[in-house]
Each structure stands twice: as C-alpha cells, then as structure tokens.
There are 2 protein chains.
Amino acid sequence: MAEPMYKEIAQDLRDQIESGALGPGQQLPTEIELRDQYGASRNTIRDAIKRLTSLGLVETRPGQGTFVTQRMEPFVTTLTADTETGLGGGEGDAAFSEVEERGKKPRASKPRVEVQSAAAYIATRLRIAEGTDVVTRRQERYIDGTPWSLQLTAYPMELVERGASDLLKAQDIPGGAVAYLNRTLGLAQIGHRDRILVRSPSQDEALYFKLPDDGRVSVLSLVRTAYRAGPDGPVPFRVTFSVFPADRNQFVINTGDVPKELAEAASDQYFDARNVTKDNATGAE
Amino acid sequence: MAEPMYKEIAQDLRDQIESGALGPGQQLPTEIELRDQYGASRNTIRDAIKRLTSLGLVETRPGQGTFVTQRMEPFVTTLTADTETGLGGGEGDAAFSEVEERGKKPRASKPRVEVQSAAAYIATRLRIAEGTDVVTRRQERYIDGTPWSLQLTAYPMELVERGASDLLKAQDIPGGAVAYLNRTLGLAQIGHRDRILVRSPSQDEALYFKLPDDGRVSVLSLVRTAYRAGPDGPVPFRVTFSVFPADRNQFVINTGDVPKELAEAASDQYFDARNVTKDNATGAE
DNA sequence: GCAAATTTGTTCGTATGTATT
DNA sequence: CAATACATACGAACAAATTTG
C-alpha cells in the first residue's frame, strides 16, 4: 500500500478496463458513485480519473460521464514508393488509391500555393541558400471526413523558371508532381530519404486534428527529401513535411520482395505489440 | 477570457517557454511565488503546471522545484537494410556500427532464448499454426547506458531442426542471424516488411525505459517480418518486435539513390518540423 | 422550448505527507 | 534537524454542459 490512494484507485479501474470487465465505450460509474465505492473524496476520484485520461484509457464528457476510450480504426500508409510513379508516403494519387482500396472515402483540400523565401529548415534540406525563393504547396487530407494528415511540399523556384509552371497552380497535378517534373523538365527522381519522429502536436495541429488540447495524443512527423541525379551525387529538389496524428495512423515499409497483402489487420497490430515485452522489464540483463 | 484561469496561466508560462524566456533546464518560480504573481490559489497554479507537464514542457521534482524540460539528444536509426547484410532497423551488428559511428557507446544484453508455442500474434506473422514451437530471442539495447530499445525475435523451430542450432544459444550470433541462416541452411532473405505504430507504453515498458508512469511519453512499435523465397511467393521466416521510446528516437528510411550523409542534425529535426503547419489549421480548405 | 436534474469542470481553503537541500 | 518545495487528500461552493421530464 505504498502507493497513494488515487493511484490505487486508478490501477483498480485500469485492471477492470484491461481485463475487459469495462469494455470500450462503456460508461464508468459517476464520480459520486466512485467516491462512495472507494470511500474517497470526489477530488481524489477525479485525480484517479485524470490519470486514466492521461493514459488514454478513458475520456470524460462534461454533463455525460466518463467512458472507456474507443480506439479509432487506424489507417495504414505505405511509405515505400511505387517504383513506377516514384510516389509513396501518402503523396498525390498514390495515397488516394491506397485509401480507396480499403473502402474509405479520401478527400484532399485544393493545394494552397505560395512563393516564399526559404526558411532555414527548408533551405538546409534543399541545399540552397536561406532566402532563395521556393514554391510551397500545402494540403490537408481527409479520410471519411476525418482530418488525417497535413502536408507541405517545397520546390526550388528555379524549377518553375525552367518551365514547370504548373507548380504554381492551385490545382492538383494529375499523375503527381514527380511525373510532371519528369515530363516537363526531364527531371527524374532517383531516390528519397524519409525521416520520422514523434512529438506532441503544436496548438494549431491539435486544433486542426481535433486532438485533446493537453497533448496526450502525439503526432508523427515525416520529412521526405527527394533527389535527382547530379554530377557529384544525388541533389535534393523537393522536400515534403507531413504530420499524422499517432492515434489513427500506421505505416508500412517494404524492402525487397514481400507479399502484396498485409498479414494482419491494423487493429490487431495494436494489441499484439503490447504482448511482446511482457516479462522483459523484469528480466535481468 | 473565456478560458479558465489555470489554462490562461499555463498558456502564459507556455509562451515564456516557447519564446525562450524560460530556457531548457531553467527553474520556474515556486508554486507559492506563482500563486502570488498570478493572484490564484496554489491549487490553481498546480493545475496549470500539471497541464504543462502533460504537454511535456516542464517536469517537477519533489523538494526541488519545477523545471523546463531538457530534450534528450535523439538517436537516429536507419530502417532500410544494408543490401549486403540484409540488416537494418537496429538489428544485430548493423545497429552497433551505426551507433558507434556517432560516437556513442552501444551495449546489448545477452539474448534470452526461449522455446515456446507460438501465440497468435507470432503465428499469424510467421504463417504457422498457433501453438507450433518457435524460438524467441529477447534483447535490450542501451546507448551510453540509457535503455534505448527492447526487442523480441521469433523463428520457427523448424529452422533449428534443419540445423541452425545456434539460434538456441544465449549468445550474440556474429554477423547476425540472417547471415548465419544463409551460411547454415542456404536460407536467403529476399525482403522484409516493417510496420510502425505509436502507442502509450505498457507498465513494464514504462518501468524499463524509466518513462513517467502517466503515459505522456509514447513508444514506437516496429514489427519487422522477414521473407525468404518460396514456390508461391515470399515466405516469412522471422518476425521481430521492437519497442523504442518516442522521446529519444528518430528513424530514417532510404529509398533508391540518396546521399550517404544526413542533411541535418537530429536535434534540428524536432524544432523544424513544428514550423511547417504554422498557419495550416486556420487556412480554409 | 424550458426547467430541473445529473454530471463533469473550476476554484478556493486547509491540513498533512514526502523528498531534497 | 530545520527549511523548502512539491504531493496527497479532504471539504465546499459554484459553473458549465448535457440529458430528461
């Protein structure tokens, strides 16, 4: 009984949830009922519930009650490119067909195009001088009406000057920008590098994705730099920053020869992964 | 002033932190001082600080004070395989050299080997019947003494029976298990598929990684299924489950031809990524 | 459509415990 | 051992959101 009361209560409720005694979507007893059940004050009960909320196990709805969290059906994005289109990672038309294959309704906003002088984080990745003009194209993606990702792609203005004027149009580029640049400028993408990290959402991101404003749902940030051939090795010509809420997204990376179909459902993945480290922490080195 | 007081106070402190007025590691005023500064009760101040804690912006140390969070230097793992060894994703020796290249001291526990009948989450991925014997090898990895990842790999017992008896030894397999299987059984890995998701840590994982016990730091779960050639397409022969705390890990995926060196530091990555969606949320579709 | 009842949210005061210096 | 700072716990009152009658 070394643990404080609110943690004991939280643990007790947690066990009930994880054992399935309290199923997803089910309502917990009210704070008053729990107060009486556990013989604690309402504030202590609230501390216990706050803990469960922070763990993502329950959510409270003012005027209604406290409910066991219902997991959203995650969507799976394949990060490795289709070798023909050079796409992948939720880009352009490739993302759309991947979504549609799974019986969902994808939608993307019209791109918002801007010409701006490159900030450091863009300039570094495109290996151009800070302040050089770049075209940025911003887009949001939805699946079945739920906001799924935010995306910003930057191209050196030089590509427009050389004839790729459609980059400035606030319209989707049919077949994708990579194919367009190849057609128009003979610019071939020879590879790309993705960089992944997880962080808590900015306030804007939390608002846009309708995430709880206390940062308990992380976002996954994906930065893709695409390269064309150059005399001294690959040269970057495009950088895309994507943001995905971590509670509704999974990612797949295929290397070499792998089966076309995934072996297991996205929803399984979540529960399976928890079993792995069961006794690991206690194990000595 | 629609917002409750504790949120206003939290926002004010948040602005100070994000503007740099309060730098990493710096101590905030004590609860009593903040109470006087803002003219609120101590409990309200504590609510504000709890919010900042949940956002990962500050951490409190009993008896000492509240401090702006110091970010750990993230470590970067390359997920795509070295085509020669077929490794990648923090596996075996490949992981070690990647760590050492960056001037860190890697260490891995001796593998803990078990023979067990395959649970569903292993059997599905190896396409074997549930209950079939599998060899599991568990390992923990450290970088400069900090626990960095937990890993469990499962092989069908059939591989041991066919002669790969070293899989049962509680020792590292020099050159990696993939090379060993190739040497011993002529079993060539032709590809692998990674599956990534982010979730809150289990209690064991939080303990092992010394993460705060309220689940505010997520873990990234990586499931890698490796394939060999078969008459009807790729056949899985190995599945690895890895868990990485999201606050100290980044990942890189190379596709096609890309520069050897990364364009930017791991620590930049974090801050850069936040700038991207600045005005995105407010923008109409 | 409105009022009452229910449920969670916010804020305060107070007392005492625990960790660190 | 004393002082300081955060942690736990209780009680109370009122506010805000939602459902119900």
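For the numbers below, each heavy atom of this structure counts, side chains included, while hydrogens, waters and symmetry mates do not. Protein chains get the first letters and strands the later ones, always in sequence-line order, with residue 1 at the start of each.
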Can you tell me the distance, in whole Å, between the NZ atom of A/Lys7 and the C1' atom of D/dA9? 14 Å

Any side-chain donor paired with an acceptor under 3.5 Å for A/Ser218 and B/Ser218? yes

Which of residues 21-36 of chain B have a heavy atom under 4.0 Å from DNA chain C? none

For A/Arg14, is there an ion pair with A/Glu18 - N to carboxylate O distance below 4.0 angstrom? yes

From B/Ser54 OG over to B/Arg216 CZ, what is the distance, rounded to the nearest 0.5 angstrom? 8.0 Å

Heavy-atom closest pair, residues B/Ala154 and B/Thr136: CB-CG2, 4.2 Å

Within a strict 4.5 Å, meaning less than it, do heavy atoms of the A/Arg71 and A/Asp247 side chains meet? no

Strictly below 4.0 Å, N to O, side chains only: are B/Arg51 and A/Asp213 in salt-bridge contact? yes

Whole angstrom is fine here: how far is it from CZ in A/Arg51 over to C1' in D/dT8? 13 Å

What is the separation between atom OH on B/Tyr38 and atom P on C/dT11, rounded to the nearest whole Å? 14 Å

Take the protein atom CD of A/Glu8 and the nucleotide atom C1' of D/dA7, then report the distance between them rounded to whole Å. 16 Å

Cut-off 3.5 Å, side chains only: do B/Gln11 and A/Gln203 have a donor facing an acceptor? yes

Can you check nucleotides 12-16 of chain C for protein contacts, nitrogen or oxygen pairs under 3.5 Å, and list what you find?
residue	atom	partner	partner atom	Å
C/dC12	OP2	B/Ser41	N	3.0
C/dC12	OP2	B/Ser41	OG	3.2
C/dC12	OP2	B/Thr44	OG1	2.4
C/dG13	N7	B/Asn43	ND2	3.4
C/dG13	O6	B/Asn43	ND2	2.7

Length of the line joining B/Tyr6:OH and C/dT8:C1', which is rounded to integer Å: 11 Å

Does any N or O in the side chain of B/Gln27 come within less than 3.5 Å of the main-chain N or O of B/Gln64, such that one atom is a donor and the other an acceptor? yes

Can you see if the side chain of A/Thr60 gets near the phosphate of C/dG9 - specifically, an N or O under 4.0 Å from OP1 or OP2? yes

Where do A/Lys110 and A/Ala170 come nearest, in terms of heavy atoms and distance? CD-O, 3.5 Å

Residues that B/Tyr6 engages under side-chain hydrogen bond (donor to acceptor under 3.5 Å, both in side chains), provided they are two or more places apart: none

Length of the CD-P vector between A/Glu3 and D/dA9, whole Å: 10 Å

How close do A/Trp148 and A/Asn249 get, counting heavy atoms only, and between which atoms? NE1-OD1, 2.8 Å

Protein within reach of the bases, or only the backbone? For nucleotides 16-21 of chain D, mark each nucleotide 5' to 3' as B, S or -, using heavy atoms under 4.0 Å. -BSS--

For B/Arg46 and C/dG17, what is the distance between atoms CZ and P respectively, to the nearest whole Å? 16 Å

When B/Thr66 is tested against each of B/Ile45, B/Leu13, B/Val58, B/Leu34 for side-chain contact (heavy atoms from CB on, under 4.5 Å), which residue passes? B/Val58

OP1 or OP2 of C/dT7 under 4.0 Å from side-chain N/O of A/Thr66: no

Residues passing the ring-ring contact (aromatic ring centres under 6.0 Å, His included) test with A/Phe251, sequence neighbours excluded, are A/Phe244

Just wondering, do B/Gln70 and B/Gln26 contact through their side chains at under 4.5 Å, heavy atoms? no

Inter-axis angle, terminal five-pair segments of the helix from C/dC2-D/dG21 to C/dT21-D/dA2 [nearest 10°]: 10°

